[in-house]
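All remarks here apply to the structure that follows.
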Amino acid sequence: QVQLVESGGGLVQAGGSLRLSCAASTRTFSRYAMGWFRQAPGKEGEFVAAISGNGDNMNYADSVKGRFTISRDNAKNTLYLQMNSLNPEDTAVYYCAADTRSYLIRRPLTRDYDYWGKGTLVTVSS
């Protein structure tokens, strides 16, 4: 069982930055690929970014590439998402997820991730 708790969401003006964190309650955190997904009001959830177990490999959605950075601190069992140059289209609930069946990044699909946090709301005002 893996529990994931996101934090760091809030209200920010367009052009601003936020850093999300996801604390994982597991001793085997470094064995899992991790990801961030988001769901905007009235829209389906979408992949944002993923990172391999050792942090050497990352993958990003085209919509956030160059603006968002995913990282992890395996010593602290924590996943991060640094979000810069935010725009109103980034407004969404952001979820972290664990793919405990893979050390490597697999497909950017929600069904490949088996544990999820409850999400943290990011609101970007224009």
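These numbers were taken from a predicted model, which means no experiment stands behind them.
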I'd like to check T100 versus V2 (side-chain heavy atoms, cut-off strictly below 4.5 Å). Are they in contact?
yes
Using the salt bridge (charged side-chain N to carboxylate O under 4.0 Å, His left out) rule, collect all pairs that involve residues 9-34, keeping only residues at least two apart or in two chains.
none
In terms of hydrophobic clustering (I, L, V, M, F, W, Y; side-chain heavy atoms under 4.5 Å; direct or indirect links), are W36 and V93 co-clustered?
no
Tell me every residue that passes side chain to side chain contact (heavy atoms under 4.5 Å, CB included) with V12, counting only those two or more places apart in sequence or in another chain.
L18, L86, V124
Taking side chain to side chain contact (heavy atoms under 4.5 Å, CB included) as the test, write out the residues that go with S125, two or more places apart.
L11, Q13
Can you name the closest pair of heavy atoms from Y113 and A33 and give their distance?
CE2-O, 4.4 Å
Note: S126 and A14 closest approach over all heavy atoms is CA-CB, 4.3 Å
Contact summary for V122 and G9, nearest pair of heavy atoms:
CG2-CA, 4.1 Å
Residues in ring-ring contact (aromatic ring centres under 6.0 Å, His included) contact with F47, at least two apart in sequence or another chain
F37
Pairs meeting criterion ring-ring contact (aromatic ring centres under 6.0 Å, His included) with involvement of residues 53-97, two or more places apart
none
Under 3.5 Å donor-acceptor, S52 side chain and L104 backbone:
no
Is there a side-chain contact between Q39 and E46 in this structure, where contact means two heavy atoms from C-beta onward sitting under 4.5 Å apart?
no
All side-chain hydrogen bond (donor to acceptor under 3.5 Å, both in side chains) counterparts of S17, not counting sequence neighbours:
N84
With sequence neighbours left out, which residue pairs that include part of residues 82-93 fulfil the salt bridge (charged side-chain N to carboxylate O under 4.0 Å, His left out) condition?
R38-D90, R67-D90
Distance in Å, L20 CG paired with I70 CD1, rounded so as to fall on 0.5 Å steps
10.5 Å
Close side-chain approach of Q3 and Y115, heavy atoms under 4.5 Å
no
Listed partners of S102 passing side-chain hydrogen bond (donor to acceptor under 3.5 Å, both in side chains), at least two apart
none
Among residues two or more places apart or on two chains, list those pairs meeting salt bridge (charged side-chain N to carboxylate O under 4.0 Å, His left out) that have a residue in residues 97-106.
D99-R106, R101-D114
What's the shortest heavy-atom distance between C22 and L4, and which atoms?
SG-CB, 3.9 Å
Which residues satisfy the side chain to side chain contact (heavy atoms under 4.5 Å, CB included) test with R111, sequence neighbours excluded?
R107, L109
Which value, rounded to the nearest 0.5 Å, describes the distance between M34 atom CE and L81 atom CG?
11.5 Å
Quick one: CG on L121 to CD on E6, what's the gap to the nearest 0.5 Å?
11.5 Å
Quick check for you: to the nearest 0.5 Å, what is the distance between N54 atom CG and N74 atom CG?
8.0 Å
How far apart are the closest heavy atoms of F29 and A24, and which atoms are they?
CD1-CB, 3.5 Å
Heavy atoms, side chains only, cut-off 4.5 Å: are V64 and M83 in contact?
no
Residues in side-chain hydrogen bond (donor to acceptor under 3.5 Å, both in side chains) with N59, at least two apart?
none
Tell me, yes or no, whether the heavy-atom count around K65 atom NZ, taken from other residues, nucleotides or ligands under 6.0 Å, exceeds 12.
yes
Pick one: which of N57, D56, L79 meets side chain to side chain contact (heavy atoms under 4.5 Å, CB included) with I51?
L79
The criterion is side-chain hydrogen bond (donor to acceptor under 3.5 Å, both in side chains); which residues satisfy it with D73, sequence neighbours excluded?
none
